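This report concerns only the one structure given below.
The chains referred to below are lettered A, B, ... by the order of the sequence lines, with proteins before strands, and numbering in each begins at 1. Below, each value reflects all heavy atoms present in this structure, side chains not excepted, and no hydrogens, waters or symmetry copies. Quantities reported herein were computed from a predicted structural model and do not represent experimental measurements.
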Amino acid sequence: AYQDTMDKNFEGKQFTGVIKFTPPLYKQRYEFVQDLVRKYKPKKVADLGCADCTLLWMLKFCSCIEVLAGLDICETVMKEKMHRLTPLPADYLEPSERSLTVTLHQGSVAHKDPCMLGFDLVTCIELIEHLQESELEKFPEVVFGFMAPNMVVISTPNSEFNTLLPGVTVFRHPDHKFEWDRAQFQSWAQDTAKRYEYSVEFTGVGSPPTGMEDVGFCTQIGVFVRKYPQTREPGQREKPTEAAYKTVFKAVYPSLTDEKYLQNAVVSEVMFRAQLIKRSLLDHLLSEHEEYNDDPTERKLKLQCSVNCFSADVETLPVEKSTEPFVSGNVVYIPLRNFFSVPKVKQLCGTFEKFCRLITGKVPLNSDSSALMLDAENEEN
Amino acid sequence: VTEVFSKTRNGEDVRITITLTNELPPTSPTCLQFYNIIFRRLVVWPGFTSSILQYEESIMLCADVSHKILRSETVLDFMYSLYEQVEERRFRDACAKELIGVIVLTKYNNRTYRVDDIDWDANPQCTFRRADGSEISYINYYKRQYNQDISDLNQPVLISQCRRKRGNAMVGPVVLIPELCYLTGLTEKMRNDFNMMKDLAVHTRLSPEQRQREIGKLVECMKKDECVQKELQDWGLSFDSSLLSFTGRVVQAEKILQGGNVFDYNPQFADWSRETRVAPLIHAKPLDNWLLIYTRRNYDAANMLLQNLFKVTPSMGIRMNKATMIEVDDRTEAYLRVLQQNITPDTNIAVCVLSSTRKDKYDAIKKYLCTDCPIPSQCVVARTLSKPQTALAIVTKIALQMNCKMGGELWSVEIPLKQLMIVGIDCYHDTLSGKQSIAGFVASLNEKMTRWFSRCVVQSRGQEIVDGLKACLQTTLREWFKWNKYLPSRIIVYRDGVGDGQLNTLVNYEVPQFLDCLKTVGKDYNPRLTVIVVKKRVSTRFFAQAGGGLKNPPPGTVIDIEVTRPEWYDFFIVSQAVRNGCVAPTHYNVVYDTSKLKPDHVQRLTYKLCHMYYNWS
């Protein structure tokens with residue numbers, strides 16, 4: 001949020017006490033959330049007061065997250081940078097296995113909206129100090145009572161640290177409605193936790209300089225964890241909640257869970273391997289002759305000779321089908337099992353049956369669909 | 001910075017300067033529509049190029065469909081496969097040769113970078129200083145920031161000199177990790193892969209109607225986007241939803257004069273290859289004493305070439321003897337040795353039949369026959385002669401090419417201007433290393449424009465290309481005088497390879513140098529000079545409206561209204577017919593002119609000269 005920039009200015013100012021945070025404080029807060037995500041691996045994460053979506057952008061790289069949502073009262077601020085949350089060209093080139101949907105909503109934390117139900121983690125970083133009194137009053141019911149995620153992280157300035165910040169006369173930022181000391185925040189937090197059956201632990205980021213530890217962290221943080229798993233199904237309420245937020249942005253990332261992308265990835269890998277197998281097979285056949293010439297036409301002529309000899313041998317083979325690739329006529333045959341043994345293909349498909357299903361119709365197969373066919377000629381001009 | 005002009009309601013002139021402050025993020029409406037060219041590991045990413053400029057009547061958006069080729073091959077993958085292909089001691093040089101200048105796309109953000117250097121002394125475990133002063137290794141940085149794992153700890157790093165400005169500061173060189181960079185664009189090998197290019201063309205070569213549809217999507221997208229609309233409305237601007245429509249002209253088709261015959265061509269196709277075959281050339285050079293070199297396996301192709309040459313040359317008036325045919329091993333050294341041993345001062349031309357399009361062989365042969373042992377030469381790839389149906393047509397073209405190289409003259413068109421010398425110049429600047437510039441200079445030596453003087457000039461860094469050009473101009477005027485006994489009273493220079501940013505230098509510096517040079521040729525020698533800048537890669541496309549649909553405009557279409565610039569004397573000409581896709585017009589910008597010729601005549605003359613390119617297909 002814009003308040004972060006202000007904090008940066010205040011905190012970065014040189015002062016006889018030299019308060020400078022490395023990395024900058026806002027980043028430390030975001031990294032705190034990242035560490036939590038890495039530890040607890042939530043699948044659905046929401047950021048309340050997401051502003052310019054920097055935290056959301058950082059979180060999208062966490063592969064455990066499948067649903068990422070942002071909420072802010074101000075649409076313009078979100079719109080400025082929301083393009084950073086769209087999938088990259090690289091995401092289309094090599095879709096990953098995880099699925100990810102990112103949505104941004106415009107609305108207030110004082111209102112309930114069913115789109116925020118069922119989340120594992122909700123973050124409120126430097127949010128509450130911007131809320132009007134009436135909004136702050138409704139906040140616990142909406143977040144802890146209604147949304148009721150498994151974990152909530154709330155960070156807010158620790159006013160006790162303000163003595164070390166130059167230029168701070170009342171609040172660190174003009175939009176702050178209040179700034180609590182540790183006792184005030186912890187009291188509020190513990191009341192809320194008790195009322196909604198959460199446990200809470202306190203910590204912070206932005207360490208004070210040595211000798212001044214008694215002021216505490218520059219930013220104080222409360223991490224709330226649900227005591228009991230959800231008993232009620234979300235949605236089974238006395239009366240269904242109406243939507244109050246406006247969806248401003250939505251992006252669905254390409255993923256291998258979508259069969260279209262999975263098929264692309266498998267076929268691409270299969271054809272790539274096929275070319276390698278074909279090349280090594282042809283090289284092997286040729287190396288059996290004395291004069292090796294790197295010209296393709298020459299190679300083709302020699303291949304014709306070897307192929308004619310080879311295919312004669314094939315006919316005398318026992319009935320049991322070999323799984324080795326072979327050449328017959330002008331065609332290279334690669335039995336499908338050769339591809340399934342490639343680790344990447346196996347990992348993508350799981351079962352041989354699924355593999356066969358995925359490639360059917362997308363790669364050239366022989367009449368009984370047991371082998372992939374390739375032209376033995378080289379495709380040079 | 002772009003400047004546009006307008007008028008206030010009171011008639012006062014207003015100059016508006018538009019400065020780039022922010023780049024709009026790519027919103028990519030068609031981003032789901034990528035084309036996966038399977039097993040080449042290529043993805044074609046459709047997009048648009050655009051520019052907004054002030055044109056004759058109004059400010060317009062010029063948009064064209066453009067495609068970016070993305071490869072799912074990383075730079076690291078590429079380095080490994082390169083390592084398999086070259087000797088160890090040449091590996092680093094090979095990497096530099098292949099990678100420097102290439103544009104890469106990073107896996108973790110939407111940015112592209114140009115690879116400017118490879119730092120072999122660094123690797124992902126090295127540390128760097130972040131903006132906040134802390135030190136972190138690349139491997140930790142990418143893991144922490146983007147959850148990207150780097151598995152190869154020994155890979156070198158890439159350096160990109162970032163030219164973009166962030167705020168007011170120039171950003172310094174950027175370090176990239178090969179494992180995290182995708183290659184983009186096509187390699188030379190890919191361009192030579194006929195099948196691949198055919199597959200690609202299916203997606204990228206759009207017909208006029210397809211192109212119109214794609215541009216339409218862009219316009220639709222802009223209309224639907226609230227932010228765009230609001231921004232435009234605030235300025236009182238809006239975009240038209242349809243493409244600019246106006247009337248153009250088609251100049252008449254030319255008559256081709258060849259050896260006493262005159263023939264027309266179908267103006268829609270502008271193709272006279274069949275007619276050319278059956279008329280004697282204006283000046284045919286004989287094939288009295290010439291070499292035909294082939295490999296054992298290409299004997300049939302070489303023979304086919306010889307037999308067909310015997311068939312086509314008589315009607316074109318070319319006297320031909322049987323060639324001295326020499327068989328060689330299919331190795332570059334073998335070709336060169338045979339050439340060295342068999343070329344005599346009497347040899348008219350050396351023809352080499354090659355088994356493949358391998359560039360190194362071709363380059364070596366051409367280099368030898370241009371610098372060490374300069375004689376006309378013709379290389380033919382055996383495969384082109386393999387299809388009996390097209391053999392005759394192909395051999396005709398080869399015969400014509402050979403004749404040109406030996407100094408023959410093929411055909412001409414009527415050029416009504418007398419005492420006119422045409423000069424053609426193209427420049428190539430090697431920006432990567434050595435900073436050399438090379439200019440090609442040709443000048444006509446007769447009024448029929450069938451005989452030409454040619455020279456190449458190499459200028460190293462520090463010297464100016466115009467010095468070399470002046471020397472060429474002097475020499476060519478002397479040659480002209482030798483042939484014609486008088487100096488040309490008009491000189492028209494067609495210059496390629498000049499960017500918009502260099503036009504001022506051309507007009508204010510180079511042209512005066514040319515004028516000075518002309519004065520040194522003869523006292524009182526004051527020819528009329530015209531300098532025209534030619535641009536072949538323009539993003540402007542024209543479509544002809546035909547019965548409700550769009551198709552390509554016919555050759556001879558001239559456009560000098562609406563889409564030309566008000567401050568320039570410029571025009572477009574469509575001078576070819578294409579079978580697939582959209583024809584690319586050529587842009588001509590007359591930057592200096594004392595000829596007092598009417599624009600219409602300059603255009604017609606230019607179009608006539610398009611007919612004099614003997615090497616078209």
Between CG of A:D35 and CZ of B:R144, what distance do you get to the nearest 0.5 Å?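 Separation between the atoms: 4.5 Å.
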How long is the gap from OH on B:Y182 to CG on A:L88, to the nearest 0.5 Å?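 The CG atom of A:L88 is 10.0 Å from OH of B:Y182, to the nearest 0.5 Å.
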Are there over 12 heavy-atom neighbours, none belonging to [X], within less than 6.0 Å of that residue's [atom1]?
{"X": "B:Y80", "atom1": "OH", "value": "no"}
{"X": "B:Y362", "atom1": "OH", "value": "no"}
{"X": "B:E327", "atom1": "CD", "value": "yes"}
{"X": "B:K143", "atom1": "NZ", "value": "yes"}

Quick one: side chains of residues 57-66 of chain A, donor-acceptor pairs under 3.5 Å with protein atoms, not counting sequence neighbours, listed by atom name and distance.
residue: A:K60; atom: NZ; partner: A:Y253; partner atom: OH; Å: 3.2

Might you point out which heavy atoms bring B:L105 and A:A90 nearest each other, and give the distance in Å?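 Of all heavy-atom pairs spanning B:L105 and A:A90, the closest is CD2-N, 4.5 Å.
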Got a sec, which residues hit salt bridge (Lys or Arg N to Asp or Glu O under 4.0 Å) with B:D152, two or more places apart in sequence or on another chain?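 So B:D152 forms no salt bridge (Lys or Arg N to Asp or Glu O under 4.0 Å) with any residue.
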For [X], is it the side chain, the backbone, both, or neither that has a heavy atom closer than 4.5 Å to a heavy atom of chain A?
{"X": "B:R130", "answer": "side chain"}
{"X": "B:Q145", "answer": "both"}
{"X": "B:Y146", "answer": "both"}

Heavy-atom distances under 4.5 Å only: say whether A:R84 touches chain B with side chain, backbone, both or neither.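 For A:R84, neither part sits under 4.5 Å from chain B.
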Heavy-atom contact with chain B under 4.5 Å, split by part of A:E31: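 For A:E31, the contact with chain B is made by backbone and side chain together.
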